[in-house]
Amino acid sequence: MFHPLSNLDKYRVILASGSPRRRELLALLDHPFTVDTSYPVDETVSPDMAPDKVPAYLSRLKAYAYPINEDDDRLLITADTVVILDGDVLGKPADKDEAVAMLHRLAERDQSVVTGVTVRTASRCETFTAVSRVEFAHLSDREIRYYVDTYSPLDKAGAYGIQEWIGAAAIKSISGSFYNVMGLPVHKLYEKLKEF
């Protein structure tokens, strides 16, 4: 039976991410994969690095943390997502107070959501970036507190998940990939995987 990604059958596809959203999104491509988070990296970046370059840099750093030798049959997928507002990178908040502060900054503003993705095999490594623009509506302090107390924003860049209550209630518009805002630009990844 035809499968659009049958070219990947020669590989053991591995998603190197602990994100449940990335697992869910990669599963949409209907190709088997496993998750392996055995090789964590220090995600500290130079303050001189341009904000929109950070996700690609980190996804590549994560990919090269995995020891792949020349006869390895693994195909590794790594990713990193950030929210950029006023030239500042908003990663995952450290605690609920920081999540609240981030959401206050994002309210009634446009921001960029940038994801860097790296696909690596023994003989090849490709990195690409996807950018989406997200416009937030006004959010009252009570609405922000409701979201932070009810959901789990601490594991999300910018302290929000577009697929949750806040996406339905407060996101006015999006330009670019919805899935990218969730954490994995699936269409661009699919196109890249067809080349391997």
Using the ring of each side chain (for Trp, its six-membered ring), is W165 parallel, tilted or perpendicular to Y146, with breaks at 30° and 60°? perpendicular
Set out, in order, the CA-CA distance, both residues' side-chain angles and the distance that settles side chain to side chain contact (heavy atoms under 4.5 Å, CB included) for L139 and I166, then state yes or no. CA-CA 9 Å; L139 281 167; I166 201 164; 4.0 Å; yes
Enter the distance from I174:CD1 to D110:CG here, rounded to the nearest 0.5 Å. 11.5 Å
Would you give the length of the straight line joining atom NE2 of H104 to atom CZ of R109, rounded to the nearest 0.5 angstrom? 14.0 Å
Between CZ of F196 and CG of L5, what distance do you get to the nearest 0.5 Å? 12.0 Å
Same cluster or not: Y147 versus L154, using hydrophobic residues (I, L, V, M, F, W, Y) connected whenever any side-chain heavy atoms lie under 4.5 Å apart? no
Y64: what forms a ring-ring contact (aromatic ring centres under 6.0 Å, His included) with it, not counting sequence neighbours? none
Does anything in residues 106-136 pair up under ring-ring contact (aromatic ring centres under 6.0 Å, His included), and if so which pairs, sequence neighbours excluded? F136-Y160
What pairs of residues pass the salt bridge (Lys or Arg N to Asp or Glu O under 4.0 Å) test when at least one of them lies in residues 25-43, not counting sequence neighbours? E43-K62
Tell me the closest heavy-atom pair linking N7 and K10, and the distance in Å. O-NZ, 2.8 Å
For A168, the side chain to side chain contact (heavy atoms under 4.5 Å, CB included) test, sequence neighbours excluded, returns none
Taking the hydrophobic residues Ile, Leu, Val, Met, Phe, Trp and Tyr, and joining any pair whose side-chain heavy atoms are under 4.5 Å apart, which ones share a cluster with I68? I14, Y39, Y66, L76
For Y57, the other hydrophobic cluster members (4.5 Å side-chain criterion, sorted by chain and number) are V41, V45, M49, V54, L58, L61, V82, I84, V89, V114, V131
Within 6.0 Å of NE2 in H187, more than 12 heavy atoms from elsewhere: no
With no hydrogens and no angle check, is any side-chain donor or acceptor of D80 less than 3.5 Å from a backbone partner on G116? no
Contact list for residues 169-180, test salt bridge (Lys or Arg N to Asp or Glu O under 4.0 Å), sequence neighbours left out: E135-K172
Got a donor-acceptor contact below 3.5 angstrom from the T115 side chain to the L184 backbone? no
State which residues pass side chain to side chain contact (heavy atoms under 4.5 Å, CB included) with T118; sequence neighbours excluded, sorted by chain then number. S59, R60, A63, T78, C125, T127
How long is the span from the OG atom in S19 to the CE atom in M182, to the nearest 0.5 Å? 8.0 Å
How about K194: does its NZ atom have over 12 heavy atoms from other parts shown lying under 6.0 Å from it? yes
So, for V35 and S17, which heavy atoms are closest and what is the spacing to 0.1 Å? CG1-O, 3.3 Å
Selection residues 13-25 - residue pairs positive for salt bridge (Lys or Arg N to Asp or Glu O under 4.0 Å), sequence neighbours left out: R21-D155
Using every non-hydrogen atom in the two residues, find where P93 and A99 come nearest and quote the distance to one decimal. CB-N, 3.6 Å
Minimal non-hydrogen separation, G183 against A79, with atom names: O-CB, 4.4 Å
Side chain to side chain contact (heavy atoms under 4.5 Å, CB included) partners of A130, counting only residues at least two apart: N180, P185, K188
For A27, all residues meeting side chain to side chain contact (heavy atoms under 4.5 Å, CB included), sequence neighbours excluded: F33
Are side-chain heavy atoms of D86 and R105 found at a separation under 4.5 Å? yes
Pairs touching residues 137-151 that satisfy salt bridge (Lys or Arg N to Asp or Glu O under 4.0 Å), sequence neighbours left out: K96-D149
Given side chain to side chain contact (heavy atoms under 4.5 Å, CB included), test V83 with V134 step by step and report yes or no. CA-CA 10 Å; V83 173; V134 177; over 6 Å; no
Give me the atom names and distance for the closest heavy-atom approach of T129 to A56. OG1-CB, 3.6 Å
Could you measure the distance from the CD atom of E164 to the CD1 atom of I162? Nearest 0.5 Å is fine. 10.5 Å
In this structure, CG of L193 is separated from CD of E126 (nearest 0.5 Å) by 11.0 Å
